[in-house]
Amino acid sequence: MPLRLIFMGTPDFSVPTLLELVAHGHEIAAVYTRAPKPGGRRGLQLQPTPVEEAARKLGIPVLTPKTLKTQEALEEFRAFEADAAVVVAYGMILPQAILDAPKLGCYNLHASLLPRWRGAAPINRAIMAGDAESGVMVMKMDVGLDTGDVAMAERIAITDNMTALDLHDRLSRLGADLMVRAMAALERGGLQLKAQSEDGVTYAAKVEKAEARIDWSKPARAVLRHIHGLSPFPGAWAELENARVKILRCELGQGSGAPGEVLDDLLTIACGDGAIRIIELQREGKARMQAADFLRGVPLKSGSKFT
């Protein structure tokens, strides 16, 4: 029999899992997501989360509690009589009483190969650290920060041309399939759990805007991974002729020079060791554009330098 589930998620990353669970016949008793935030052109309209928009199209009840720590919130959660809860980038801590409420437990989809990159920004951190691979894991939740026993995993390679958005989209689709398989195994009573290793634990701290400035003195591959790990948000940046420029996509280039120096008319930039070639960028207050379009509008003088 299909499971009766509570789904808890907020951003775009979560939506494919919700849709796949519905498509595979599971009953979604309710969706929990974060409350709408002001947005729109003037910042005056309340913008529902991507998960709320998807849930309402499917006719699923949506709840946006500010906390799950009250007795009222617990009783409301229990009243759905769910077999299990599926949590995908919800953005709110689940207290023990909530974790204990579904008879089969709460299961989280996490975008890393645990125990590496527990925490808030595993996709960005994996790219920025130069990791060769990433993946998604389904774990049974406990009160720790991504410390629960793992049920299933899928791995993918991280290539140098992969941005955080590229990896996000691939892991989102891969994770949806993985969670569907995990819930099928749970339904059959065959979901096996394994404790995480205590070796190799790392934490993926939230990305701060202060990290976004490019350090051209680093080797070219480190600069490339920094740029791609922050693309498209918040966007790694440098200054060119006193104007801020975000660099959104690049590749390893040829040549050498002073760090930040423009080496040719293809927008190849020298790093501490080697160089990168900019493919896509965004001037402050402008739309993102290809490097060739940028150069047509901003011809660079000999010896120009990104700082």
Side-chain angles (χ1 to χ4, degrees), residues 9-14 33-39 43 47 49-51 66 87-93 108-136 144-147 158 160 162-172 200-240 242-250 259-260 269 271-272 276 278 280-288 306-307:
T10 295
D12 288 322
F13 185 86
S14 316
T33 189
R34 302 303 297 269
K37 292 183 177 180
Q47 301 291 314
T49 70
V51 165
K66 292 182 179 179
V87 183
V88 186
Y90 178 41
M92 189 180 292
I93 294 173
N108 176 247
L109 179 70
H110 186 73
S112 83
L113 298 174
L114 294 166
R116 186 161 178 78
W117 302 128
R118 293 174 178 171
I123 292 174
N124 307 89
R125 296 298 177 188
I127 294 175
M128 292 168 73
D131 289 5
E133 64 176 357
S134 182
V136 281
L145 178 63
D146 300 325
T147 55
I158 301 177
D160 280 344
M162 195 177 280
T163 66
L165 180 59
D166 296 333
L167 184 56
H168 167 284
D169 290 351
R170 289 191 61 183
L171 292 181
S172 178
V201 174
T202 57
Y203 290 92
K206 181 181 177 182
V207 173
E208 302 292 343
K209 289 186 178 180
E211 299 178 71
R213 187 162 194 163
I214 297 167
D215 181 356
W216 298 104
S217 69
K218 292 185 175 181
R221 189 166 181 271
V223 172
L224 177 147
R225 284 300 196 104
H226 178 247
I227 289 168
H228 284 174
L230 297 179
S231 179
F233 183 83
W237 62 273
E239 288 188 346
L240 177 67
N242 298 317
R244 184 176 292 196
V245 177
K246 286 185 180 181
I247 301 175
L248 301 173
R249 194 179 291 272
C250 62
I269 314 299
C271 301
I276 65 157
I278 298 172
E280 188 175 10
L281 68 167
Q282 183 176 18
R283 295 168 64 193
E284 195 167 15
K286 304 291 184 179
R288 57 196 298 168
F306 283 86
T307 60

- request: Determine, stepwise, if the pair S172 / D12 fulfils side chain to side chain contact (heavy atoms under 4.5 Å, CB included).
  value: CA-CA 8 Å; S172 178; D12 288 322; over 6 Å; no
query: So which pairs with a foot in residues 120-132 pass side chain to side chain donor-acceptor pair (under 3.5 Å), sequence neighbours left out?
result: R116-D131, W117-D131, R125-E211
query: Which residues satisfy the side chain to side chain donor-acceptor pair (under 3.5 Å) test with Q282, sequence neighbours excluded?
result: none
query: salt bridge (charged side-chain N to carboxylate O under 4.0 Å, His left out): which pairs involve residues 226-237, sequence neighbours left out?
result: none
- prompt: Side-chain contact, heavy-atom cut-off 4.5 Å: T307 with R213?
  reply: yes
task: For W237, check ring-ring contact (aromatic ring centres under 6.0 Å, His included) against everything at least two apart and list the hits.
output: none
- prompt: Can you name the residues that form a side chain to side chain donor-acceptor pair (under 3.5 Å) with S134, not counting sequence neighbours?
  reply: none
statement: In short, S14 meets G9 closest at the heavy-atom pair OG-CA, 3.9 Å
Side-chain touch T163/L248, heavy atoms, less than 4.5 angstrom: no
- prompt: Taking all atoms of both residues into account, what is the closest heavy-atom pair of I276 and A220, and its distance?
  reply: CG2-O, 3.6 Å
field: Within-4.5 Å side-chain heavy-atom neighbours: V207 and F233
entry: no
- request: For residues R225 and I158, determine if any side-chain heavy atom of one lies less than 4.5 Å from a side-chain heavy atom of the other.
  value: yes
query: Who passes salt bridge (Lys or Arg N to Asp or Glu O under 4.0 Å) against R283, sequence neighbours left out?
result: none
statement: Here the pair of heavy atoms bringing T10 nearest to T49 is O-CB, 3.4 Å
- prompt: Considering all heavy atoms of both residues, which atom of P259 and which atom of W216 are nearest to each other, and what is their separation?
  reply: CB-O, 3.4 Å
statement: The salt bridge (Lys or Arg N to Asp or Glu O under 4.0 Å) partners of R249 (sequence neighbours excluded) come to D166
task: Kindly state each residue pair satisfying side chain to side chain donor-acceptor pair (under 3.5 Å) with at least one member in residues 226-235, sequence neighbours excluded.
output: none
field: Side chain to side chain, I269 and V223, heavy atoms closer than 4.5 Å
entry: no
- prompt: Does any pair with a residue in residues 200-210 pass salt bridge (charged side-chain N to carboxylate O under 4.0 Å, His left out), and if so which ones, sequence neighbours excluded?
  reply: none
- prompt: How would you list, by chain and number, every residue that makes a ring-ring contact (aromatic ring centres under 6.0 Å, His included) with Y90, sequence neighbours excluded?
  reply: none
query: Listed by chain and number, what are the salt bridge (Lys or Arg N to Asp or Glu O under 4.0 Å) partners of R221, not counting sequence neighbours?
result: D160
task: For R118 and Y203, indicate whether the former's side chain and the latter's backbone hold a donor-acceptor pair under 3.5 Å.
output: no
query: Atom CG in L165, atom CG in L230: separation rounded to 0.5 Å?
result: 13.0 Å
task: Could you tell me which non-hydrogen atom of L171 sits nearest to which non-hydrogen atom of I123, and how far apart they are?
output: CD1-CG1, 4.0 Å
query: Hey, what do you get for CG (N108) to CG (D146), rounding to the nearest 0.5 Å?
result: 6.0 Å
query: What are the two closest non-hydrogen atoms of G229 and A164, and how far apart are they?
result: O-CB, 3.6 Å
- prompt: side chain to side chain donor-acceptor pair (under 3.5 Å) with R34: which residues, sequence neighbours excluded?
  reply: none
Neighbour count above 12 (heavy atom, 6.0 Å) for L145 CG: yes
- request: Look only at the side chain of K246 and the backbone of P234, and say whether a donor-acceptor pair between them is shorter than 3.5 Å.
  value: yes
